[in-house]
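First comes the structure, then the notes that go with it.
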Amino acid sequence: MGTSSPSPLSRVIHFGYVAGFIAVFLGAIFRMFAEPNNIDRCESLLRDGWWIDSVQKNWQPASCMLHNYKETDITQCLGHSRVVYIGDSIVRTQYIAAVRMIQNDAITEGPRHSNRKFVFGEENLTLEFWWDPYLNTTQTIDLLGGKSAMIKPSLLILGSGLWHMRYLEDDYFPQWQSTMDYIFNSVKSRHIADATVLSPIEIPKYDQLSKDRLMHITPEKISKMNEYLEDKLQLISPTPSPFAIPFVWNKLASEASNVTKDGLHYNNDLVTVQAQIALNYRCNNELAKHFPMDSTCCNQYPRSRWYQSLFFIFFLIWIPFGYALLSSEYHSGLLRSLFPSENVLSALFVFGLCVIMMYMGDRTQLLGKIHKHYDPVIFTGMIIAVTVLGLSKLDHNKKEGDLGYLNRHQTDEWKGWMQLIILVYHYCGASSVSGIYNAVRILVGAYLFQTGYGHFFFFYKKADYGIGRILNVMVRLNLLTFVLQYLMDTDYLSYYFTPLVSLWFMIIWVIMYAGHKWNRIPVFILSKMAISCVITTVLIKVPGILEFIFGVLETLFNIHWSASEWRFRLGLDAYIVYVGMLTAYGYIKIMEHKLIDHPRWSNVKRAGVILSALSMVWYFWYELSRENKFVYNGVHPYISWIPIIAFTVLRNTTHYLRNTHSHFFAFIGKISLETFIGQFHIWLAADTKGLLVVLSMPNWMNGVGWWVNLMVSTFLFLVICYYTSQSTQVISGWICKKLNSPSDNITRGDYQVVPLLPTNQPSSSQSDIKKHLSSTGIDDHSVSKVDPRVDNDEEVWESTIPQKKPEFFIRFINDTRVKTVLLMVAIGLLNNLC
């Protein structure tokens, strides 16, 4: 069969993403060469940034994420040590802010021009302030000269200059310059503290200064002194211990309003941000380096572990070597047998490039990261843009007749627009808004509803419970997550969607397999669902069960999962899968008994539409009127089915609605698994805590650059997810084929994930079955062949050539179930080395 040549539009898109990737990564590499002192984003922290809220409490450093230090974090970094502030009243305000960060109700009043000291016994931490506006007392000189008998400070903060300008008249600069030279010589020649921060000369709010201060503290003097600090700083690197001048402190004040009463001393909110910047400089690189890695300023990512390096070697060296070998004329059978086909190698290479791009984006400083900030205007604008894109091209089926309730196009579209809303929700940081959070919880529940509906439909109609079916679904669902949990050094449960869907698939399989010969008896199959519902409820609700299971996994396989987090995830959608199964069963029975042909069906349908519309209105009123999202979470498991069922009824109200779908939404739906998982590292950043910056220069992200970054990063993100999806399909099929035993390959053929439509014709032809499959259910992107000869789950040995039955051991080792279990156990045991 011939292949058509690419269209001009597809060529433009192909050129666009290739050029985009090249531009982004070359720009990032250029930045690292152009700014060698900013590889760890420290210069970005100390020199540039902007406020991201109108109340001026949240500061965004240029291209990195500021860690919000609290008592525990401060103790972890600075415990068993002392922090010393030396200087004038400006430094004193920072000292007071630091004290309140550890103990909010600390009494900080006292004589203005005196030393202060706070000892935090539980934290084993001492904070000191030395009043020394000229930095020339004996105590200060001894500390800077390395003659102090006291323990060296873990963090030393110095500030001076305002008193020089105000009281030393024309002699202000020589005196101040002499002090600065002594400080620079000290930090360059000796280890006076674990880290030293020298405050720049503060730029006051001149219009609020008193007449006396305004006369002596002038812009010319401050500019001259700060320029001198800049010049000295350029000449001092390297130093025995970290030394910095955070010029960004002045930018904090200059871009803020209503933050001072006298023009000189800023309020606690602004000074606290200055103190946070100092702590980020001192402590970020000493924080525990495990996910979520959401502190990227002045932070060096950990070196690749051995298992991460293996992935790099496999994808970037071994796979290209195999491809080159198979393309050559080298005919060594032994060496060639180590590699799959060229098609699989190509898929592995593309998949490897995609996940390595995720690694480079979220586990290195190659690309920047910034904080999320919820803005209702931006959130609304993005939702409108997504809606317009979705409605821009609608496809209406005319050739295949009525595709039926929840047909494949419809479910792809459903998954697509839900996924886009979830992406916008995450990108905008909208989880803080209860009304949006509650609605998004319904979207996650709707995915699980489709899981229950689709897999029940398949098992009920196909009666295929073989290991090949399980492998086909589980490998396809988990391949990307499995690789990322090792490559990104994260936790399998952190990608919560994949574990949720995988667990519920196995539960559905158990329900349908147990006593499957009697599945056609309504009381029996409904009783199985009820019993399973009770068991899963006990598993979720009763304390100690999940803890025991996770404890065993930790002991045997070094798996560290949070039982409380998993209980929360399971509990939110504890029953919606069963609702999906019941919906599928109800639809099957409606079709079997031909109720849609009943004279009163139109009345039932009309009543259902009205009830569904009222249910949707009630739900949104209810969720928007809850006090907060925590109150809503308590009732969500019991009401989430209402808007989901109502939506499915309204979506299928008319023949035209049922058979029309959005092309763009359906496209996103087909790669929804990859977009849900991939967003963690290549669109978002810091394990979803921040946003990825693909623009090379740090300060470009302020203002219109944010929108440019959004468009470029979104395009690249969708391209990566699309190719990850395509390659995953090929790799999953290859893995399943390798694991399947010879008997499975003979009797089963390939496995279809989408459910079958109800039919009363058991002898349907292959084309009829394919037609039914293509018109309904949940598409897991697996191969679409179905063997119509096999309608039960019996394992059959079949061959056209008489063969001697293999020995028991050979049959045991080649059994797909045994190979699968051995592979999982081997991975678990190997995990002890990770």
Side-chain angles (χ1 to χ4, degrees), residues 17-49 60-67 280 284-285 287 289-305 308-309 311-313 315-317 350-371 483-484 486-490 678-701 705-706 708-717 719-721 723-724:
Y17 73 72
V18 171
F21 279 114
I22 293 174
V24 166
F25 282 96
L26 284 183
I29 294 171
F30 173 78
R31 182 200 67 83
M32 299 183 79
F33 281 102
E35 300 179 349
N37 294 328
N38 196 28
I39 293 177
D40 61 356
R41 306 282 173 174
C42 234
E43 287 294 303
S44 297
L45 168 71
L46 298 171
R47 289 186 174 273
D48 202 2
Q60 173 60 66
S63 76
C64 67
M65 295 175 64
L66 194 71
H67 185 76
N280 274 255
N284 276 7
N285 204 39
L287 292 175
K289 295 183 183 295
H290 58 70
F291 85 99
M293 296 184 181
D294 56 353
S295 307
T296 65
C297 300
C298 295
N299 189 13
Q300 297 177 356
Y301 284 93
R303 298 183 62 181
S304 298
R305 300 176 184 269
Q308 294 171 299
S309 300
F311 278 109
F312 289 122
I313 295 172
F315 287 126
L316 298 181
I317 299 178
V350 170
F351 180 84
L353 286 181
C354 290
V355 295
I356 288 173
M357 286 176 188
M358 296 181 191
Y359 178 91
M360 300 302 290
D362 204 23
R363 288 297 182 268
T364 71
Q365 290 286 14
L366 189 65
L367 299 178
K369 293 94 180 168
I370 62 171
H371 291 285
V483 172
L484 287 179
Y486 288 102
L487 185 63
M488 309 301 290
D489 203 16
T490 58
Q679 66 172 318
F680 280 61
H681 306 295
I682 199 61
W683 196 51
L684 305 177
D687 302 295
T688 75
K689 304 299 182 182
L691 308 177
L692 192 67
V693 179
V694 298
L695 303 183
S696 58
M697 300 311 294
N699 55 359
W700 288 358
M701 279 300 293
W706 189 93
V708 175
N709 184 79
L710 169 64
M711 291 187 287
V712 176
S713 64
T714 299
F715 176 69
L716 299 181
F717 165 65
V719 168
I720 288 175
C721 290
Y723 280 102
T724 303

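All figures in this text were calculated on a predicted structure; none of them were measured in a lab. If you read the sequence from its start, that first residue is 1, and numbering goes on from there. As a basis for the values below, the full set of heavy atoms in this structure was taken, side chains included, without hydrogen atoms, waters or symmetry mates.
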Nearest-0.5 Å distance, [atom1] of residue [X] to [atom2] of residue [Y]:
| X | Y | atom1 | atom2 | value |
| --- | --- | --- | --- | --- |
| Leu484 | Thr724 | CG | OG1 | 8.5 Å |
| Gln60 | Met701 | CD | CE | 8.0 Å |
| Phe351 | Ile720 | CZ | CD1 | 12.5 Å |
| Met360 | Ile682 | CE | CD1 | 10.0 Å |
| Cys298 | Asn38 | SG | CG | 8.5 Å |
| Thr714 | Asn709 | OG1 | CG | 8.5 Å |

Side-chain heavy atoms of [X] within contact of [Y], under 4.5 Å:
| X | Y | result |
| --- | --- | --- |
| Asp687 | His681 | yes |
| Phe315 | Val355 | yes |
| Leu716 | Val719 | no |
| Met65 | Lys689 | yes |

Looking only at non-hydrogen atoms, find the nearest pair between [X] and [Y] and report the distance.
| X | Y | result |
| --- | --- | --- |
| Leu367 | Ala28 | CD2-CB, 3.8 Å |
| Ser696 | Arg31 | O-CD, 3.0 Å |
| Leu695 | Gly705 | CD1-O, 3.5 Å |
| Leu66 | His371 | N-NE2, 2.8 Å |
| Val712 | Val24 | CG1-CG2, 4.3 Å |
| Leu684 | Leu692 | O-CB, 3.7 Å |

Would a distance-only check, ignoring hydrogens and angles, find a side-chain to backbone donor-acceptor pair under 3.5 Å from [X] to [Y]?
| X | Y | value |
| --- | --- | --- |
| Lys289 | Arg303 | no |
| Asp294 | Ala686 | no |
| Gln365 | Asn299 | yes |
| Asn285 | Gln300 | yes |

TODO: Please say which of Thr296, Asp489, Leu366 ends up in a side chain to side chain contact (heavy atoms under 4.5 Å, CB included) with Tyr301.
DONE: Thr296
TODO: Check the side chains of Ser63 and Arg41 for a donor-acceptor pair under 3.5 angstrom, ignoring hydrogens and angles.
DONE: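 Result is yes, a qualifying pair exists.
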Open item on the list: Let's go through Asp362 and Met293 carefully: what are the C-alpha distance in whole Å and the side-chain angles of both, what is the deciding distance for side chain to side chain contact (heavy atoms under 4.5 Å, CB included) to 0.1 Å, and is it a yes or a no?
Closed with: CA-CA 9 Å; Asp362 204 23; Met293 296 184 181; over 6 Å; no
TODO: Could you tell me whether Phe311 and Tyr359 have their ring centroids closer than 6.0 angstrom?
DONE: no
TODO: Indicate, with yes or no, whether the SG-to-SG separation of Cys64 and Cys297 is under 2.5 Å.
DONE: yes
Open item on the list: With side chain to side chain contact (heavy atoms under 4.5 Å, CB included) as the criterion, how do Ile370 and Trp706 come out once you've worked through the C-alpha distance, each side chain's angles and the decisive distance to 0.1 Å?
Closed with: CA-CA 10 Å; Ile370 62 171; Trp706 189 93; 4.0 Å; yes
TODO: Begin from the C-alpha positions of Met488 and Phe680 and carry the test side chain to side chain contact (heavy atoms under 4.5 Å, CB included) through to its verdict.
DONE: CA-CA 10 Å; Met488 309 301 290; Phe680 280 61; over 6 Å; no
